[in-house]
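Each remark here refers to the structure printed beneath this line.
Because the structure is a prediction, the values reported are computed rather than measured. Only heavy atoms go into these numbers, but all of them, side chains included; no hydrogens, no water, no symmetry mates.
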Amino acid sequence: MKINHRVTLSVDERIANAFFKIGLVLNVGFTTFDIDEQDERWPAVSVLIESFKGVDIVASSFEKEELNSAHYLEMIPDWHHGYPEPSDDASYKDKTYDMSNCCQLCNTGYVQNNPFRMRKNPGWGQRSILQLNWIFGDYFVQPDVWHSVFSPFGINRIEVVSNKTLNALTDILQLEISNRVAVRMTEENKYEVCLKCGAKKYLPHSRGFFPPVDLETDTPIFKTEQWFGSGGSAWQAVIVSAALYRAIVDSGIRGVRFKPLANAVV
């Protein structure tokens, strides 16, 4: 596993000289560079990032052995495409979810009770699985992918309908993910507490292995009981079993990547 940092900052001559002294050449101006924590320059770079108030986006990458030996893995989107409709006034929420237990401040507690609406079938290109913009806890696939990869695991699908006609769209299905399983969060996992409802919402997980599940389950795909997000954004992370991960990878479909859970790596 590697911990990677994508750093963005506005560089002047003074800042450029400071980085040059530790062996990193930066152009003057608005600059972005990548560095991982195995780089011998990282300790000094981290000090300069904080000193010069750079924006540091952390991500993790994993070896094939870590992915292939994991019992469970978080499924992460490689892209977002399209919008839930109606999108112009955010009324898709009331048309897609039961919002009776949803906090209007932190947005935790919504429950889907109707199909998602879209304007039209998506332009898939070379990909076959996606997340909609604004929707971070659900996945959508091409019908033949559902049939060949997900249906054999007993995973049901939900139709996606046209916002205009309410007829089912022909080239997209939503994966039905009904089960919830708790993961074991620690003090390292930072969270916000909603000032209105008191709900705990963990900041998006980016560093290292995803937290482990509390109890083993035979379910091939499930969501966490915990909510993730920040501000008004809230979702439950999607976890897949090793067998489903292997089926997705072996099928060659594109659109997602994976992060092993901490207690599930040999």
Side-chain angles (χ1 to χ4, degrees), residues 74-125 127-147 149-151 154-181 192 194-204 219 221-240 253 255-256:
E74 181 192 13
M75 189 158 68
I76 305 167
D78 272 342
W79 69 317
H80 288 80
H81 178 76
Y83 290 87
E85 298 295 342
S87 60
D88 53 353
D89 58 359
S91 60
Y92 74 88
K93 293 181 180 180
D94 290 323
K95 296 184 183 301
T96 310
Y97 302 112
D98 176 357
M99 301 289 287
S100 57
N101 292 317
C102 180
C103 175
Q104 297 302 308
L105 182 60
C106 70
N107 275 316
T108 61
Y110 57 82
V111 177
Q112 184 176 349
N113 62 354
N114 283 303
F116 276 93
R117 304 179 181 196
M118 293 182 66
R119 290 183 180 177
K120 59 181 181 179
N121 285 305
W124 288 101
R127 302 179 179 95
S128 301
I129 182 170
L130 62 79
Q131 282 192 341
L132 297 175
N133 286 290
W134 309 336
I135 308 299
F136 300 107
D138 286 290
Y139 283 92
F140 302 81
V141 298
Q142 290 182 306
D144 60 337
V145 168
W146 170 77
H147 187 271
V149 177
F150 294 95
S151 179
I155 299 168
N156 292 325
R157 81 283 187 270
I158 303 172
E159 290 182 337
V160 179
V161 302
S162 163
N163 185 48
K164 185 176 181 179
T165 66
L166 298 186
N167 293 328
L169 295 174
T170 58
D171 200 27
I172 183 170
L173 294 170
Q174 180 190 357
L175 298 179
E176 184 175 7
I177 310 173
S178 55
N179 288 348
R180 303 291 184 269
V181 176
E192 301 173 349
C194 179
L195 296 176
K196 183 174 182 179
C197 72
K200 182 183 290 186
K201 185 166 59 177
Y202 289 90
L203 298 181
T219 305
I221 188 167
F222 54 87
K223 294 183 181 181
T224 60
E225 288 185 358
Q226 288 87 348
W227 290 85
F228 293 83
S230 182
S233 179
W235 69 89
Q236 292 163 297
V238 176
I239 311 297
V240 301
I253 64 176
V256 290

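- Contact annotation: the side chain of F228 never approaches that of P204 to less than 4.5 Å [non-hydrogen atoms, C-beta and beyond].
- Residue H80 qualifies as enclosed at atom NE2: its count of foreign heavy atoms under 6.0 Å is above 12.
- The main-chain N or O of Y92 is found under 3.5 Å from a side-chain atom of T96 such that the two form a donor-acceptor pair.
- With contacts defined as side-chain heavy-atom distances shorter than 4.5 Å, the pair V111/N101 does not qualify.
- Closest approach of C103 and C194 over heavy atoms only: SG-SG, 3.7 Å.
- For the atom pair T108 OG1 and K200 NZ, the distance stands at 13.0 Å (nearest 0.5 Å).
- Relative orientation of the Y110 and Y97 rings is tilted, given thresholds of 30° and 60° on the angle between their planes.
- Residues S230 and E192 meet the side-chain proximity criterion, which asks for heavy atoms closer than 4.5 Å.
- Note that CD1 of I172 is 6.0 Å distant from CG of L132, once rounded to the nearest 0.5 Å.
- No side-chain heavy atom of Y202 sits less than 4.5 Å from a side-chain heavy atom of T224.
- Considering every non-hydrogen atom in both A234 and K201, the closest pair reads CB-CD, 3.8 Å.
- Within the model, atoms CG of L169 and CD of Q174 stand 12.5 Å from one another, a figure rounded to the nearest 0.5 Å.
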Exercise for the section: Show your reasoning for whether side chain to side chain contact (heavy atoms under 4.5 Å, CB included) applies to C106 and W227. Expected result: CA-CA 10 Å; C106 70; W227 290 85; over 6 Å; no
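- Counting only heavy atoms from C-beta outward, the side chains of N114 and K95 never approach each other to under 4.5 Å.
- Nearest heavy atom pair, residue N133 against residue P84, reads O-CD, 3.3 Å.
- The two residues K223 and G137 make their nearest non-hydrogen contact at CE-O, 2.8 Å.
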Practice task
Go through the steps for V141 and S128 under the test side chain to side chain contact (heavy atoms under 4.5 Å, CB included), then give the verdict.
Solution key: CA-CA 6 Å; V141 298; S128 301; over 6 Å; no
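- Closest approach of L105 to L195, counting heavy atoms only: CD2-N, 4.3 Å.
- Annotation: F140 is in aromatic contact with F116 [ring centroid separation under 6.0 Å].
- L130 contributes atom CG, which lies 3.5 Å from atom CH2 of W124 (distance to the nearest 0.5 angstrom).
- In R119, the CZ atom is not crowded: 12 or fewer heavy atoms of neighbouring residues, nucleotides or ligands sit closer than 6.0 Å.
- If you take CD1 on I129 and CD on Q142, they are separated by 10.5 Å, rounding to the nearest 0.5 Å.
- For the pairing with V238, the side-chain contact (heavy atoms from CB on, under 4.5 Å) check across Y139, F136, F222 returns one residue only, Y139.
- We find the CG-CZ distance between L166 and R117 to be 4.5 Å, quoted to the nearest 0.5 Å.
- Scanning both residues, H81 and P122, for their nearest heavy atoms gives CD2-CB, 3.4 Å.
- Taking 4.5 Å as the limit, every side-chain heavy atom of Q236 sits out of range of all side-chain heavy atoms of I177.
- Using a 4.5 Å cut-off on side-chain heavy atoms (C-beta onward), P143 and D171 make contact.
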